[in-house]
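Note sheet for the following structure.
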Number of protein chains: 2
Amino acid sequence: MSEIRSLALACREAVPTIAALDSAAKATLLRDMATALEARCDDVLAANARDMAAAAAKGVQGAMLDRLRLDAARVAGIAAALREVAELPDPVGQVTRRETRPNGLTVERVRIPLGVIAMIYEARPNVTADAAALCLKAGNAVILRGGSEAIHSNTAIATALHEALHAHGLPAATVTLVEDLRRDTMVELLQLTDIVDLAIPRGGEGLIRFVAEHARVPVIKHYKGVCHLYVDRAADLDLALDLLIDGKTSRPGVCNALETLLVHRDVAADFLPRAAQALRERGVEWRGDAASRALVPDMHAASEDDYAAEFLDLILAVRVVDDLDEAIAHIRRYGSDHTEVIATRDEAAAQRFVQAVRSAVVMVNASSRFSDGGELGLGAEIGISTTRLHAYGPMGAESLTVERFVVHGEGQVRHPRT
Amino acid sequence: MSEIRSLALACREAVPTIAALDSAAKATLLRDMATALEARCDDVLAANARDMAAAAAKGVQGAMLDRLRLDAARVAGIAAALREVAELPDPVGQVTRRETRPNGLTVERVRIPLGVIAMIYEARPNVTADAAALCLKAGNAVILRGGSEAIHSNTAIATALHEALHAHGLPAATVTLVEDLRRDTMVELLQLTDIVDLAIPRGGEGLIRFVAEHARVPVIKHYKGVCHLYVDRAADLDLALDLLIDGKTSRPGVCNALETLLVHRDVAADFLPRAAQALRERGVEWRGDAASRALVPDMHAASEDDYAAEFLDLILAVRVVDDLDEAIAHIRRYGSDHTEVIATRDEAAAQRFVQAVRSAVVMVNASSRFSDGGELGLGAEIGISTTRLHAYGPMGAESLTVERFVVHGEGQVRHPRT
């Protein structure tokens, strides 16, 4: 048996134990993990310093290097996040529906853990603790396969988590960190269909495509967020400008930032010059169609690619549309199923937009930046799904469970003996 | 562009139209499909006669040939099933949760259709109508890829469905029947990740494994049902015997039939000889471990393979277990995650069984034969999932939808302008 298969099997053997823990025991475990992590802060920082030195030597810099970096405050933040997950409601055992059938059978739908979840991620070492916490919260065992840049940091964090598992008499394999980071090994992990119930890749589009292409186990993923704001003819234009500024400039590098602005032609002359002025002050570059450029003359021309782009930067694609239908058609063509926003005071238009746009999150008169597990009330987020299956949009602990059937009877049979 | 890609694209283009239909329009469509099918009954039977003749010429016989066969009563049954689906509640648009966040945002979870569903199935021509009906009910477009044995029957049924689509002004591509049945074409269909949202294979284990191995789109499947009855120490033995007889003999060829009996050692001497007698009268062959055979001397010895087998026949594997834990361990080792039953009057034992057994359906004092969408209240069933993701157990129309987020605000932003 290969080493990765044997690791994964040990993880699967830990499933019944973690799945059987009650809510209080899981909460205590997560709090003890936070304490263990704080106690090992120096070790974690020393390990991180090794990763940082190796990354710097390889020429990594800027945002990439910053993602890898830990300091005492960031470690404290990871511990705080573990405690927050401890306080969340436990989805396991929730009875979502109960029905008594005509024959007297009681049919319940009850949430149970998925089983073994493989997290595939890149440079951020906090994912090691965050992902483990949410998986454990929902009664799952987890296989963590982080990036090679963060291997020492991830190992040090995992050591702290294992201390807490050990103190609770739980197998270390409940949280399994993969140390063999060869691509072939990852591919083998992603093909263990008899062991792994779900793989969740988190990172750049390259990693996610690699996982999606090679996995034989189910994968929940999102490639990118090309989020649209449609400013309707009936929009409150001040409100629309607030949504535009917040969506584009409050944190342009994240997936729920706005990338494209669609404006109804009836309000374009009023809205676009004002919006262009406000965004120009905030350093945003505009790329528009001919109609937009007629109204804002110094705008660059938008290419076809610009409308499909996730800029993750202070760049905005702009287009004037004839009506709501053209806005919807544009989003269907270029959208990424992530998050779309309509600004309108016309309830019928809002309803039509919500109905026709099939993205995971649709906002009426609210910023796209709320498309986030915490902001939408999930407490914490393990990822965002643009796969229209199982979970669609931000995923919290509940998305790491599935409903099954529990039936109680008194001896009912389908064909009574005659 | 290949022909299958172009077919699938046309189907995807039909999604917004079917997804936008309200419940009444969809119900009328399904009823009109039933009427069209009845009107075309002669054509369907003539087409089926061609399929039957071809199959007979190829040497197909027995149950396989019977599955393919249609007559006026069976066509009426298919029409009746369409009308039943018309009457079911519409899952699309259901608001499953609603919450107001502290910042005033209203966050709703709303069911929407999945999009394009590819059904891959074998000889039963009724699946053409049944699967189309459930997909349409949930607002999905559907690509039907049936078996070559049933191609004429399937085409005739699809023609009737298309008549109703046409009368409603809906594109024929909403229900797309694949006529090119080459395996390569099916593989290409299963890899259209940008078009197909879900593939559901229905048929023998060979077909299902083929689909699972070649698909790049998400697949929901079940390979087999190795269903267990555990007769606990605290069981009502008369009740247990009812469950055993119903589970094993009422329809042995289906996936929710019992395949293995586990008996607590304390009641084995009382239960096994009686059960053996009752089942012998019904033609059931027993295969047991040493302890069972000591109590029922003329029993065959069970091999390791017998415990993993889905016999689909009047054969039962039997084992005496020391306690509940050994029963659970047996099910974990040999089970197929389909359906398990405990017979007991001990509520604590029942609870422990339900908690520890991770199968899609767990029954307490009820027959495994109730593990069926209709019996569990889903109205109709498109399949049974033993994939612990999205849906687990019998799948009805609701399983052909996904919950997404709809957020209403009044201009809320994450970082107000200062």
Side-chain angles (χ1 to χ4, degrees), chain A residues 15-16 19-20 99 101 105 107 112 114-115 193 197-198 212-213 216 218 236 239 242-243 245-246 250 332 350 354-356 358-367 369-371 375-377 387-394 402-417, chain B residues 15-16 19-20 99 101 105 107 112 114-115 193 197-198 212-213 216 218 236 239 242-243 245-246 250 332 350 354-356 358-367 369-371 375-377 387-394 402-417:
Chain A
V15 165
E99 184 195 359
R101 302 289 305 154
L105 288 182
V107 179
I112 60 167
L114 298 179
T193 50
D197 292 285
L198 175 65
E213 269 159 36
R216 307 305 301 130
D236 174 332
L239 182 156
D242 284 344
L243 302 188
I245 292 172
D246 192 60
S250 65
R332 280 205 188 126
V354 168
Q355 199 284 322
R358 303 178 66 237
S359 302
V361 184
V362 183
M363 306 270 185
V364 179
N365 296 327
S367 171
R369 297 276 291 103
F370 290 112
S371 186
E375 295 294 332
L376 296 180
T387 309
R388 208 175 285 109
L389 198 77
H390 184 71
Y392 194 37
V402 70
E403 290 175 62
R404 57 102 166 243
F405 294 83
V406 176
V407 181
H408 283 83
E410 296 164 318
Q412 285 90 338
V413 297
R414 269 184 88 167
H415 296 277
R417 280 187 271 170
Chain B
V15 166
E99 183 195 2
R101 302 289 304 155
L105 289 181
V107 179
I112 60 169
L114 297 179
T193 50
D197 291 285
L198 175 65
E213 269 159 37
R216 308 302 303 130
D236 174 331
L239 182 156
D242 283 345
L243 301 187
I245 291 171
D246 192 60
S250 65
R332 279 204 188 126
V354 167
Q355 197 284 322
R358 302 178 66 236
S359 302
V361 183
V362 183
M363 306 269 186
V364 178
N365 295 328
S367 172
R369 296 276 292 105
F370 290 112
S371 187
E375 294 294 333
L376 295 180
T387 308
R388 207 175 286 109
L389 198 78
H390 184 71
Y392 194 37
V402 71
E403 291 174 61
R404 58 99 166 244
F405 293 84
V406 176
V407 181
H408 283 83
E410 296 164 317
Q412 285 90 335
V413 296
R414 268 183 88 167
H415 295 277
R417 281 188 271 172

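The shown structure was predicted, so the numbers you read here are calculated from the model rather than taken from an experiment. In what follows, every chain begins at residue 1, and chains take the letters A, B, ... in the order their sequences are listed.
- A:Val107 touches chain B through its side chain: at least one heavy atom from C-beta onward sits under 4.5 Å away, while N, CA, C and O do not.
- Neither the backbone nor the side chain of A:Ala350 comes within contact range of chain B; no heavy atom of the residue lies under 4.5 Å from a heavy atom of that chain.
- Taking the salt bridge (charged side-chain N to carboxylate O under 4.0 Å, His left out) definition, one finds that B:Arg101 meets it with B:Glu99, sequence neighbours left out.
- Qualifying salt bridge (charged side-chain N to carboxylate O under 4.0 Å, His left out) partners for A:Asp197, counting only residues two or more places apart in sequence or in other chains: B:Arg388.
- The shortest heavy-atom contact between A:Leu105 and B:Ala366 is CD2-CB, 3.6 Å.
- Interface residue A:Val364: backbone and side-chain heavy atoms are both found under 4.5 Å from chain B.
- Put simply, of B:Val406, B:Val354, B:Leu114, the one with the most heavy-atom pairs under 4.5 Å next to chain A is B:Leu114.
- Side chain of A:Arg369 to main chain of B:Arg414: no donor-acceptor pair is present (N/O by atom type, distance under 3.5 Å, no hydrogens or angles).
- No part of A:Ala356 comes within reach of chain B, as not one of its non-hydrogen atoms sits under 4.5 angstrom from that chain.
- Counting heavy-atom pairs closer than 4.5 Å to chain B, the top-ranked of the candidates A:Pro416, A:Ala212, A:Ala360, A:Pro394 is A:Ala360.
- Side-chain contact between A:Glu403 and B:Tyr392 is absent, with no heavy-atom pair separated by less than 4.5 Å.
- Across B:Ala19 and A:Gln355, no two heavy atoms sit closer than the pair O-NE2, 3.3 Å.
- In this structure, B:Arg404 contributes its side chain and A:Ser359 its backbone to a donor-acceptor pair below 3.5 Å.
- For chain B, the nearby parts of A:Leu376 are the backbone and the side chain; heavy atoms of each come within less than 4.5 Å.
- Counting heavy atoms from C-beta on, the side chains of A:Val15 and B:Arg358 come closer than 4.5 Å.
- Top candidate by heavy-atom pairs under 4.5 Å with chain B, chosen from A:Ala391, A:Gly377, A:Gly393, is A:Gly377.
- Under the 3.5 Å distance criterion, the side-chain polar atoms of B:Asp246 are matched with a main-chain donor or acceptor of A:His415.
- For A:Leu243, the parts lying near chain B are the backbone and the side chain together; criterion is any non-hydrogen pair under 4.5 Å.
- Contact record, A:Thr387 with B:Pro218: CG2-CG, 4.4 Å, taken as the closest heavy-atom pair.
- We find the CG-CD distance between B:Asp236 and A:Glu410 to be 11.0 Å, quoted to the nearest 0.5 Å.
- With a threshold of 4.5 angstrom between heavy atoms, B:Leu198 approaches chain A through side-chain atoms but not through N, CA, C or O.
- The shortest side-chain heavy-atom distance between A:Phe370 and B:Val407 does not fall under the 4.5 Å cut-off.
- Only the side chain of A:Ile245 comes within contact range of chain B, with heavy atoms under 4.5 Å apart.
- Counting heavy-atom pairs under 4.5 Å between each of B:Thr193, B:Ile112, B:Val361 and chain A puts B:Val361 at the top.
- At a 4.5 Å heavy-atom cutoff, the contact between B:Leu389 and chain A is made by backbone and side-chain atoms alike.
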